[in-house]
Amino acid sequence: MQRDGYRKSLWQDTTLSETSGVGELPFDILDVVVVGGGITGLSTALALRNAGLSCMVAEAKNIGFGTTGGTSAHINTVLELSYDRMISKFGEEDAKLVARGAVEACDRIRQLAELHAPKCNWSEQMAYLFAQDEKQAEELDKIVAGTQAVGLPASFVEQVPFPKAFVKAARFAGQAQFHPARYLQGLAAVFKEAGGVLMEDCRVLEVDPKEEALEVTTERGTVRARHLVYATHIPPGVSILHFRNAPYRSYVLAARLRLEAELPAGLVYDMEDPYHYYRTEDVDGDRLLIAGGCDHKTGHEEDTEERFRELESHVRGLFSLEAVTHQWSSQYFEPADGLPYIGKLPMADDRIYVATGFNGNGMTLGTLASIVLTDLITKKGSPYEKVFDPARVSVVAGFSNFVKEAVDVVGHLVAAPFPAKGMPELDELKPGDGRVVNHDGRSMAVHRDEAGTLHAVDPACSHIKCTVAWNGAERSWDCPCHGSRFNVDGEVLTAPSRKPLQRVDVG
Ligand code: FES
């Protein structure tokens, strides 16, 4: 299994078998084309197929290539936007509805894991959140009260299965964890068995709405469909949703401890900003600690390797590590008002749907999206339709974030063709490094690989021209504006951009 980064995640390294998703494109008009083979895409495709619809998944690379292959795989009913804040932004009724959706999604994952992916190590877990000072304790009080107000279990506890002092701690029942790659493989296999079409290496290039059907042009040819779902983490092309979601990067490590007894029993979170998260995973007899955090806005960290050093040193301060076995990072999208966007793609053909803005809850919300989208397509309505409407204008709820993100984007627009004063020169690039440099009076995004070969591309993002930034940890060019990512030769790794960065000749 390949991923959209240079580093190998624990999940990639321990998949059970490669999925084969290559075949003939269907000739007849399909009910639905789902674009993207991550948890959102495969869960949606399987639900649609189970509802009797003909369905094809078009994945640009391979299943799990995007964030599902790089998640830390927490399954939560308690979401990043805490329920107390959700109540104050959206009201108690909507917050209760979101909580009900989160429970439904977690239940769906359990059922699918038991039925189709018994080797994905799904297990129910308690989650613990602990405060380390009075300010955090006050926040924790509100989080617990909000969680109880929407009808989910939350209580204060005296003990946390974690080696850190705290002033207050709470426990939340009904959370879970699993091995996301093995889960996806299970979904992919059963989807194909049920007659679904899975196409890997099948990037969707264009969608042309014709009266009879949507004409979907892919790298492997054209198919026609009555509906299309963008399950690409963020939709491709240019959409208002790109201005309502900000891309972030999170860092994860897996490690073997000297004393297994120290492993946390449950999902544990501190309340720092950015916060850290910890859990245990048993893979093929190996008991590993998984820890993550050190998040930052995409393209806003000059030395992404440093974040791994920071994370490792933080974890070494808590546990006695025998070995760090894996380190990886991945991207997520923070929605402006805190809730995901699931439903019809705004300002697009009525037959096109989207799911995005999952924050750090991609496993739960990607699955919830599959429930909402299946209802919207098959029943023309969903109880969650309004609260997740991608066209909602939550001026009060998301206004300050929206302005902040928009200003940030404008700050990165537009890539200048001429080098800024003080820009490094090409000669300053060390092997393994990447920078936007000045070369012969032109700015170029250049990576020098270990063999000394230069890989040079135009730094203007092919989406809407922000300047890309080097991500040394994952060896990619990442766009700070809307999160497009490209490999060292400019090939698209993740949407919204559909086109590669232009290659340039360094002479
Ligand atoms: Fe929008 Fe780069 S992702 S400009």
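Residue numbers count from 1 along this sequence. Both ligands and their constituent atoms are indexed starting at 1 by order of listing.
Checking Lys61, Lys499, Arg498, Arg503 one by one against Glu491, the salt bridge (Lys or Arg N to Asp or Glu O under 4.0 Å) holds for a single residue, Lys61.
Listed by number with element, the atoms of ligand 1 under 4.0 angstrom from any heavy atom of His463 are 1 (Fe), 2 (Fe), 3 (S), 4 (S). Listed by number with element, the atoms of ligand 1 under 4.0 Å from a non-hydrogen atom of Lys465 are 4 (S). Near Ser484, meaning under 4.0 Å from one of its heavy atoms, ligand 1 places the atoms 3 (S). When each atom of ligand 1 is checked for a heavy atom of Cys466 under 4.0 Å away, the hits are 4 (S).
Judged by distance alone, with hydrogens and angles left aside, the side-chain atoms of Ser330 form no donor-acceptor pair with the main-chain N or O of Thr67 at under 3.5 Å. A donor-acceptor pair under 3.5 Å is formed between the side chain of His242 and the backbone N or O of Ser239. The backbone N or O of Gly343 sits nowhere less than 3.5 Å from a side-chain atom of Glu385 that would complete a donor-acceptor pair. Between the side chain of Ser43 and the main chain of Ile39, a donor-acceptor pair closer than 3.5 Å is present.
Within the structure, salt bridge (Lys or Arg N to Asp or Glu O under 4.0 Å) pairs that include any residue of residues 70-85 do not occur (at least two apart or interchain).
Neither the backbone nor the side chain of His242 comes within contact range of ligand 1; no heavy atom lies under 4.0 Å.
Between atom 1 (Fe) of ligand 1 and the N, O or S atoms of His482, the shortest distance is to ND1.
Vertex atom 2 (Fe) of ligand 1, arms ending at SG of Cys479 and SG of Cys461: the angle is 110° after rounding to 10 degrees.
Metal site remark for atom 1 (Fe) of ligand 1: Cys481 contributes no N, O or S atom at a distance under 2.8 Å.
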